[in-house]
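Worksheet for the structure shown next.
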Amino acid sequence: MLEADSFIDAFFYSLLDGVKRGLEGYSARLERFNVKGWRRVLVELFSDGLTMGAGGAVLMLALAIPAFDETHDDWRGQAQYSVVFLDRYGNEIGKRGILHNDSVPLDEIPDHMIKATLATEDRRFYEHFGIDVMGTFRALIENMRHKTVVQGGSSLTQQLAKNLFLTNERTIERKIKEAFLALWLETHLTKNEILKLYLDRAYLGGGTFGVDAAAEFYFGKSVRDINLAEAAMIAGLFKAPGRYAPHIDLPAARGRANTVLQNMVEAGFMTEGQVFAARRSPATPVDRSGHTAPDYFLDWAFEEVRRITGGKAFVLTAKTTVDMTLQQVAEEAVESNLRQYGKQYGASQAAMAMADLDGAVRAMVGGRDYGESQFNRATSALRQPGSSFKPYVYMTALANGYSPQSIVADAPITIGGWSPQNYGRRFRGNITLTTALQYSVNTVAVRLAQAVGRDKIVETAKNMGVNTPLVISKSLPLGASEVTVMDQLAGFGTLASGGLKMTPYGIVDIRDGEGNVIYRHSTDEPPRPMAVPPEKVAELNAMLYQAANNGTGRRALFPTAPIAGKTGTTNAYRDGWFCGFTGNYVAAIWVGNDDFTSTRRMTGGSLPAMTWNKLMSYAHNGIEIKPIPGVGGVPDEPVLVADAEAAARAAGEGATVPAESLILSKQSENLLYEIERLMRQAPALQPAVSQGPSAMLRARESGMDAWQSVPAPASEMPAPADVSAAVQEPEPEEVIEITIRGNKS
């Protein structure tokens, strides 16, 4: 036993002693690399730089991993459908599927088309490994020198990666994914295969993808037959097809083509003499000036066709629900309001959708410019809805024993350290549910959620058509969980339909190449289920009517039809919503910025409500106005709009109202009614000769065909302050025009 103990002790002693001597020897060897003085500072910086660089590379790879999931499918597979789309009246409005045409081999594409593309997009394409470091550095220097973005740093491979796998969102995360996917493409494809895919898949305006489809659309010929001038014009579209498309702005397209020709000379691909003829005789495209395609809607409808037909290849014709008149009004409403007020409110993007009450989508705007970004913000962008989510909370409360007149305390409340606040940090005390929804009171919504359960709110929203999974959290009742515009369209459409669940759809019927109907929505889709009790819908609609007419949504009002709706504004004013409906249509709109930056205190009751108003007021001209469940039809008295700015402040949506959008205050309305009353009571005036340019009183008696006037001596005119009795008239040569919500009197 003693020998065994001695052996064990000796073994471990020798082992530890050996390790100790080994470490001492290792340290002695490292001493030879010891650096002191100023050299040590450089070594430490270099070492730390390598450490942080390695950590950064691991982080970027982690961010890029989700993008590689897209490469697992048949990402090179072509669209399986050739679909011609018709509008609701049977007029052709666009095509999808066949526009992804890669039937022209690379060696049959003209050399000047390839050179024009490379000279403009990536001159060092055959030299770099997917990321052009020198090109990126050169672009950075040029942009710094011009103090603006004048050159792009993305290689052609990076642009292809974005077109194939990513969206156009301008974020660091997307650029990281783009770089890794570019390296992945370079390792899996040859340079010629990458170039061919780029030429086939790039969006080139007019609903076309690829140079062959663009040549057919703009010049009525195959890409095999285009000349140098036409190739330069097509190559100029890669940068911004919405800006340089010849059917939109021919002078801009020709100017851009001239820049492409200059790029070819600078890159050494051609001489000045070779491009001279193309400069002197620029390309003349086919007249497409009347061509307007609802591209965002067509992209969505194309996916609907693919879902309905189940993955089989067809040559199809699909009749859609889109109304091109309403579509154009929606696009104009979004663009004109963003152009006029976007800078003032700090908002640059918007998305809108409008539908009949059966779910037929009549208009869809997925962004300002499809040529600049094909990302559909109406169907795919997830945004916090803010207070526009509250109708789901109130519907759940009404279905669980509450009524519009139930009293709930608007007072401070704390849940697990979270204390929600109302706008302006004001509390109203005990108020009814109608008042709480009218003024978008946050604390009441939170108390209702506590009482009925947040899981029930999620269930209600899902039943009403919200398909995006909702995250249950303390702030759920205030709209913290993200949804899409189409989710809100469905949810508010269910209320407009009296409780029948709305599922927005865009396809009426589909026919094969022989004209046989293979799908019809009216017969092939199941009947709409009752999502929520009709009597509770009527109660909530009456509350939303008050919210629109006397609360935060006043700027959405128009005189031809009553509306019900709700505004929404998120933290830091990042998102503004207005979702509402009449007895005829439902529409939802989001306004904000793609990069999630805050707006300049834009609320849902400002720019979103104004844009919603522009579309919906037009849509209700000359049609039969149907009643809203729980509200009714057109009121006996005209819809009167009080001071919107004061209402917005009282409702907690205190944004500054642009001068152009101000509407009549109650005081102004009362003054006009008093003037009308006095003029109706005034006796008929007899013709008389005016004595000089004295002030004139004018009236028009009912049934009279001409204006009659009598002189009014200045001494008999009332003082200007006495506005309740009369109004001072201008000289006879002047005319007063009063415009009340678009109706000139």
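Numbers here simply count residues along the sequence, with the first being 1.
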Identify the two heavy atoms, one from [X] and one from [Y], that lie closest to each other, and give their separation to 0.1 Å.
| X | Y | value |
| --- | --- | --- |
| P469 | S481 | O-OG, 4.2 Å |
| A283 | F219 | CB-CE2, 3.8 Å |
| M616 | H620 | O-ND1, 2.7 Å |
| A378 | A351 | N-CB, 3.7 Å |
| M354 | A619 | CE-CB, 3.4 Å |
| A347 | T599 | CB-CG2, 4.3 Å |

Next item on the list: Determine, step by step, whether F596 and R383 satisfy the side chain to side chain contact (heavy atoms under 4.5 Å, CB included) criterion, reporting the C-alpha distance in whole Å, the side-chain angles of both residues, the deciding distance to 0.1 Å, and the verdict.
Entry: CA-CA 9 Å; F596 291 91; R383 291 284 184 161; 3.1 Å; yes
Next item on the list: Report the residue from D356, D87, D323 that forms a salt bridge (charged side-chain N to carboxylate O under 4.0 Å, His left out) with R362.
Entry: D356
Could you tell me whether the side chain of [X] and the main chain of [Y] form a donor-acceptor pair under 3.5 Å?
| X | Y | answer |
| --- | --- | --- |
| W612 | A587 | yes |
| R368 | A350 | no |
| D512 | E514 | yes |
| T309 | V305 | yes |
| T320 | L86 | yes |
| T259 | G255 | yes |
| R511 | N516 | no |
| T321 | V361 | yes |
| N376 | S380 | no |
| N613 | A609 | no |

Note to self: Could you walk me through whether T325 and Y618 satisfy the side chain to side chain contact (heavy atoms under 4.5 Å, CB included) test, starting with their C-alpha distance in whole Å, then the side-chain angles of each, then the deciding distance to 0.1 Å, before giving a yes or no?
What the structure shows: CA-CA 10 Å; T325 300; Y618 180 90; 3.4 Å; yes
Note to self: If we count only N and O atoms by modelled type, under 3.5 Å, do the side chains of Y505 and E304 hold a donor and an acceptor together?
What the structure shows: no
Margin query: For D487 and T484, which I'm curious about, is there any donor-acceptor pair between the side chains at under 3.5 Å?
Written below: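 Note: D487 and T484 side chains meet the donor-acceptor criterion.
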[Y] and [X], any side-chain heavy atoms less than 4.5 Å apart:
| X | Y | answer |
| --- | --- | --- |
| V211 | F238 | yes |
| I628 | L544 | no |
| D594 | F375 | no |
| P246 | L237 | yes |
| F492 | M464 | no |
| E216 | T208 | no |
| M233 | R256 | no |
| T117 | I234 | no |

Margin query: For L607 and L338: C-alpha separation, side-chain torsions, deciding distance, then whether side chain to side chain contact (heavy atoms under 4.5 Å, CB included) applies.
Written below: CA-CA 8 Å; L607 187 53; L338 283 176; 4.0 Å; yes
Note to self: Assess the residue pair L316 and I518 against the criterion (side chain to side chain contact (heavy atoms under 4.5 Å, CB included)); give the C-alpha distance rounded to whole Å, side-chain angles, the decisive distance to 0.1 Å, and a yes or no.
What the structure shows: CA-CA 10 Å; L316 304 171; I518 62 175; 3.8 Å; yes
Item checked: Sequence-distant partners of E332, salt bridge (Lys or Arg N to Asp or Glu O under 4.0 Å), two or more places apart ->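 So E332 forms a salt bridge (Lys or Arg N to Asp or Glu O under 4.0 Å) with K614.
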Please work out which of the three classes, parallel, tilted or perpendicular, describes the rings of [Y] and [X], given edges at 30° and 60°.
| X | Y | answer |
| --- | --- | --- |
| H521 | Y519 | perpendicular |
| H247 | F217 | perpendicular |
| Y296 | Y370 | perpendicular |

With rounding to the nearest 0.5 angstrom, report the [atom1] to [atom2] distance, [X] to [Y].
| X | Y | atom1 | atom2 | result |
| --- | --- | --- | --- | --- |
| D122 | Q159 | CG | CD | 7.5 Å |
| L500 | L495 | CG | CG | 11.5 Å |
| M502 | L489 | CE | CG | 6.0 Å |
| M364 | L326 | CE | CG | 13.5 Å |
| Y345 | Q340 | OH | CD | 10.5 Å |
| L357 | R528 | CG | CZ | 7.5 Å |

Notebook entry, point to check: Does a side-chain N-to-carboxylate-O contact under 4.0 Å join E178 and K162?
Noted result: no
Notebook entry, point to check: Charged N to carboxylate O under 4.0 angstrom, E303 versus R306?
Noted result: yes
Checklist line | From V483, V485, D575, residue fulfilling side chain to side chain contact (heavy atoms under 4.5 Å, CB included) relative to P385 | finding: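 When V483, V485, D575 are each tested with P385, the side chain to side chain contact (heavy atoms under 4.5 Å, CB included) holds only for V483.
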Next item on the list: Please indicate whether R243 has more than 12 foreign heavy atoms, meaning atoms of other residues, nucleotides or ligands, lying under 6.0 Å from its CZ.
Entry: no
Note to self: Could you check whether atom NZ of K343 has more than 12 heavy atoms from other residues, nucleotides or ligands sitting under 6.0 Å from it?
What the structure shows: no
